[in-house]
Amino acid sequence: MLELLHVNPSSGEPIYRQLNDQIVRLIVGGQLAVDEVLPSVRQIAEYLAVNPMTVSRAIQQLVDQGWLERRRGQATRVAPRKQQDSGTELLAPQLLALVQQARQLGLDKTSLLTLISDTWKQEANEDGNANG
């Protein structure tokens, strides 16, 4: 699991938020299954070369949000998912920024949707994915 995590310290986004978002994406995307045990805070911090308190903050937020669970004397693990957990809320900031930028550039909704559709198809073709 550690090899799936990457942080960018020079990003404007705090490291704990990067970790939070990445772990949610891994859960929603199926790379982390329900009841899968996460590495310890110390292991994650050493692997990413970040402060353990930063990792601990991200993990605690995920516990508070219901993505992970901690049981006394046991490792942190992926919590059972609720039906409404789709992960789409993770895209909200990027979607808002995209819409704002499109409007600033004078694109209308139809043009933006066409651009998204074309990009989706191109990415699917590059990945060899038939989901486009």
**Q** Roughly how far, to the nearest 0.5 Å, is CG of Leu48 from CG of Leu19?
**A**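 Taking CG in Leu19 and CG in Leu48, the distance rounds to 6.0 Å.
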**Q** Write down the atom of Val34, the atom of Ala79, and the distance for their closest heavy-atom approach.
**A**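 Here Val34 and Ala79 meet closest at CG2-O, 3.9 Å.
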**Q** Please say yes or no: joined through hydrophobic side-chain contacts below 4.5 Å, possibly via intermediate residues, are Ile44 and Tyr16 part of one cluster?
**A**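 As far as the 4.5 Å side-chain criterion goes, Tyr16 and Ile44 are not connected within one cluster.
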**Q** Considering residues at least two apart in sequence or located in another chain, which fulfil the side chain to side chain contact (heavy atoms under 4.5 Å, CB included) criterion with Ser10?
**A**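 Once residues adjacent in sequence are excluded, the partners of Ser10 under the side chain to side chain contact (heavy atoms under 4.5 Å, CB included) criterion are Asn8.
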**Q** How would you list all residue pairs meeting side-chain hydrogen bond (donor to acceptor under 3.5 Å, both in side chains) that involve residues 40-56, not counting sequence neighbours?
**A**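 Those involving residues 40-56 are Ser40-Gln43.
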**Q** Looking at every non-hydrogen atom in both residues, tell me the closest pair between Met1 and Ile23 and how far apart they are.
**A**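 Heavy atoms of Met1 and Ile23 come nearest at CE-CG1, 4.3 Å.
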**Q** Within the structure provided, determine whether Leu26 and Val78 are in side-chain contact (heavy-atom separation under 4.5 Å).
**A**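 A side-chain contact is absent here, since even the closest heavy-atom pair is not under 4.5 Å.
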**Q** Is it possible for you to say whether Val41 and Leu4 belong to one hydrophobic cluster, with membership spreading through side-chain heavy-atom contacts below 4.5 Å?
**A**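 Linked within one cluster.
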**Q** Nearest 0.5 angstrom please: Glu36 CD to Thr76 OG1, how far?
**A**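 The CD atom of Glu36 sits 12.5 Å away from the OG1 atom of Thr76.
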**Q** Is it the case that one hydrophobic cluster holds both Val55 and Leu2, taking links as side-chain heavy atoms less than 4.5 Å apart, direct or via other members?
**A**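 Looking at the clustering, Leu2 is in the same group as Val55.
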**Q** List the atom pairs, donor and acceptor, that lie under 3.5 Å between side-chain atoms in residues 104-114 and the rest of the protein, sequence neighbours left out.
**A**
{"unit_1": "Asp108", "atom_1": "OD1", "unit_2": "Ser111", "atom_2": "N", "d": "2.8"}
{"unit_1": "Asp108", "atom_1": "OD1", "unit_2": "Ser111", "atom_2": "OG", "d": "2.6"}
{"unit_1": "Thr114", "atom_1": "OG1", "unit_2": "Thr110", "atom_2": "O", "d": "2.9"}

**Q** When rounded to the nearest 0.5 angstrom, what distance separates CD in Gln101 from CG in Leu96?
**A**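 These two atoms lie 10.0 Å from each other.
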**Q** Is any side-chain heavy atom of Trp67 closer than 4.5 Å to one of Ile59?
**A**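 They are not in side-chain contact.
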**Q** Are the side chains of Pro80 and Glu69 in contact, using a 4.5 Å heavy-atom criterion?
**A**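 When only atoms from C-beta onward are counted, Pro80 and Glu69 do touch, with a gap below 4.5 Å.
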**Q** What is the minimum heavy-atom distance between Val37 and Ala75, and which atoms define it?
**A**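 Taking Val37 first and Ala75 second, the nearest heavy atoms are CG1-CB, 3.3 Å.
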**Q** Determine, stepwise, if the pair Leu68 / Ile27 fulfils side chain to side chain contact (heavy atoms under 4.5 Å, CB included).
**A** CA-CA 9 Å; Leu68 300 177; Ile27 294 168; 4.1 Å; yes
**Q** State the CD-CD distance between Gln22 and Gln31, to the nearest 0.5 angstrom.
**A**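 Those atoms lie 11.0 Å apart.
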**Q** Are side-chain N/O atoms of Arg70 and Gln60 paired as donor and acceptor at under 3.5 Å?
**A**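 Gln60 and Arg70 do have a side-chain donor-acceptor pair below 3.5 Å.
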**Q** Atom CD of Gln61 and atom CG of Asp21: how far apart are they, to the nearest 0.5 Å?
**A**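 Output value for this atom pair is 9.5 Å.
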**Q** Any heavy-atom pair between the side chains of Asn20 and Gln65 that's under 4.5 Å?
**A**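 In contact.
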**Q** The test is side chain to side chain contact (heavy atoms under 4.5 Å, CB included); show your working for His6 and Gln18 and say whether it passes.
**A** CA-CA 8 Å; His6 306 281; Gln18 293 178 48; over 6 Å; no
**Q** Show your working on side chain to side chain contact (heavy atoms under 4.5 Å, CB included) between Leu38 and Arg77 and close with a plain yes or no.
**A** CA-CA 6 Å; Leu38 269 64; Arg77 60 185 68 236; 5.7 Å; no
